Amino acid sequence: MVYADYFQINQCVVVSVDYRLAPENMFPAAALDCFAATCWAVKKAATFDGDPTRIAVAGDSVGGNLAAAVALMARDKETPRLCGQVLVCPILDLKKNEEKYFTRVVHNDGYLMPMSYFKWFSSKYCREADIENPYASPLKAATSTKALCGLPVTHMITAGFDPFCDEGELYIKKLRQSGVKVYHTRYTNSPHGFFAIGLDESNEALMEVSIILKYMFGSKK
């Protein structure tokens, strides 16, 4: 339903990726599949009335993690060129270091995503040896002040009752330090996963994303 809303409001093509799932296929399978799909979308855009110069990546929750990973891969490989990334309540640090993020502590029991679920999901998705990989934990790419240079215009949505709110907002800080243009809204009263569950704030966030996508598609370089 959310994808249909994107199309209706923006008249854009939405490519939803059927990436390989864990635990049968652990990291980096999903991230590589999403990057490959993005490259395919650029190459084949003309076959489905798409525009290869207006490609953005977007995702919610784990999808936000994957969208951020794809943007980093595209930056590192210098292709494809993205006009934006939209990250909705992304999980950006797979390390189980709750003490680093206040929102992970205060929302440990969570709404829709308690930390016990996250720890289980994370262990099935990513081996301990891979957790520091920036394509698994995009925050790990921010190793220096300018480490995120070259990433596209970013729109970030965080939620006040989301355990992962702090890491999303830390990523915003790191992006801005690297000179990346960033837009951000925190939906103070919403939990993780609110974007697709039909709350009043869900509808507001959907409209916000639609507006920013119009901007991203219209301001390509």
Side-chain angles (χ1 to χ4, degrees), residues 2-3 6 13-45 52 55-97 101 113 117-143 147-158 162-164 167-168 170-172 174-175 178 180 182 192-193 195-196 209 216:
V2 172
Y3 299 128
Y6 278 144
V13 177
V14 176
V15 178
S16 180
V17 183
D18 185 18
Y19 54 82
R20 287 171 290 172
L21 301 177
E24 293 82 3
N25 301 282
M26 297 184 75
F27 175 85
L32 291 176
D33 286 355
C34 290
F35 180 72
T38 305
C39 294
W40 174 89
V42 172
K43 185 176 180 180
K44 298 293 187 178
I55 301 289
V57 292
D60 178 16
S61 185
V62 174
N65 171 289
L66 293 171
V70 168
L72 286 167
M73 289 183 189
R75 188 275 308 266
D76 295 345
K77 297 177 184 297
E78 299 183 353
T79 187
R81 182 160 185 161
L82 303 176
C83 65
Q85 62 173 339
V86 177
L87 311 178
V88 181
C89 299
I91 299 172
L92 298 170
D93 187 351
L94 296 185
K95 195 168 184 180
K96 304 173 185 66
N97 52 354
Y101 304 110
M113 177 61 85
Y117 286 18
F118 162 72
K119 292 173 184 178
W120 188 85
F121 292 143
S122 177
S123 69
K124 301 302 180 186
Y125 173 70
C126 188
R127 297 174 183 85
E128 194 69 29
D130 291 326
I131 283 179
E132 299 288 330
N133 188 310
Y135 300 152
S137 299
L139 254 175
K140 301 301 179 182
T143 55
L148 300 179
C149 286
L151 287 173
V153 176
T154 300
H155 188 72
M156 176 86 73
I157 288 178
T158 58
D162 180 7
F164 310 107
E167 62 207 70
L170 178 59
Y171 199 55
I172 291 167
K174 300 293 186 181
L175 286 164
S178 294
V180 178
V182 181
H192 187 82
F195 189 65
V209 168
M216 290 174 175

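From a predicted model like this one, the values you see are computed outputs, not experimental measurements. Note: hydrogens, waters and symmetry copies are ignored here, and every other heavy atom, side chains too, is used.
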For [X], side-chain contact (heavy atoms from CB on, under 4.5 Å) partners two or more places apart:
| X | result |
| --- | --- |
| Val182 | Thr154, Ile172, Leu175, Arg176, Val180 |
| Pro90 | Leu87, Leu92, Met156 |
| Cys39 | Phe35, Pro80 |
| Ala147 | Thr143, Ser144 |

Check residues 55-70 and write down every donor-acceptor pair under 3.5 Å in which the side-chain atom is one partner and the other belongs to a residue at least two apart or another chain.
residue : atom : partner : partner atom : Å
Ser61   : OG   : His192  : NE2          : 2.6
Asn65   : ND2  : Ile91   : O            : 2.9
Asn65   : ND2  : Ala136  : O            : 2.8

Distance-minimising heavy-atom pair for [X] and [Y]:
| X | Y | answer |
| --- | --- | --- |
| Glu167 | Tyr101 | CB-CE2, 3.7 Å |
| Ala141 | Leu148 | CB-CD2, 3.8 Å |
| Val153 | Met216 | O-CE, 3.6 Å |

Practice prompt. Start with the C-alpha distance between Asp162 and Met113, add both sets of side-chain angles, then the distance that settles side-chain contact (heavy atoms from CB on, under 4.5 Å), and finish with yes or no.
Written response: CA-CA 8 Å; Asp162 180 7; Met113 177 61 85; 5.7 Å; no

Find the distance between [atom1] ([X]) and [atom2] ([Y]) and round it off to the nearest 0.5 Å.
| X | Y | atom1 | atom2 | result |
| --- | --- | --- | --- | --- |
| Leu32 | Met73 | CG | CE | 5.0 Å |
| Ile131 | Asp93 | CD1 | CG | 8.5 Å |
| Leu94 | Cys126 | CG | SG | 5.5 Å |

Keeping the roles fixed (side chain from [X], backbone from [Y]), state whether a donor-acceptor pair exists under 3.5 Å.
| X | Y | value |
| --- | --- | --- |
| Arg75 | Cys149 | yes |
| Ser137 | Asn133 | no |
| Gln85 | Ala71 | no |

List for me each residue that meets salt bridge (charged side-chain N to carboxylate O under 4.0 Å, His left out) alongside [X], sequence neighbours excluded, and say none if there are none.
| X | answer |
| --- | --- |
| Lys174 | none |
| Glu128 | none |
| Lys95 | Glu132 |
| Asp33 | Arg20 |

Fill in: Check against side-chain contact (heavy atoms from CB on, under 4.5 Å), Met26 and Lys124
CA-CA 7 Å; Met26 297 184 75; Lys124 301 302 180 186; 5.8 Å; no

Item to complete: Determine which pairs satisfy salt bridge (Lys or Arg N to Asp or Glu O under 4.0 Å) with at least one residue from residues 21-32, sequence neighbours left out, and list them in order.
Response: none

Discussion item. Measuring only between side-chain heavy atoms, which start at C-beta, is Pro138 closer than 4.5 Å to Tyr171?
Written reply: yes

Worksheet entry | Over 12 foreign heavy atoms within 6.0 Å of NZ, Lys43 | no

Item to complete: With sequence neighbours excluded, tell me which residues meet side-chain hydrogen bond (donor to acceptor under 3.5 Å, both in side chains) with Tyr19.
Response: none

Discussion item. If you apply the rule side-chain contact (heavy atoms from CB on, under 4.5 Å), what do you find for Thr38 with Leu82, and how did you get there?
Written reply: CA-CA 9 Å; Thr38 305; Leu82 303 176; 4.0 Å; yes

Worksheet entry | Of all pairs that satisfy ring-ring contact (aromatic ring centres under 6.0 Å, His included), the ones with a partner from residues 118-137, not counting sequence neighbours | Phe118-Phe164

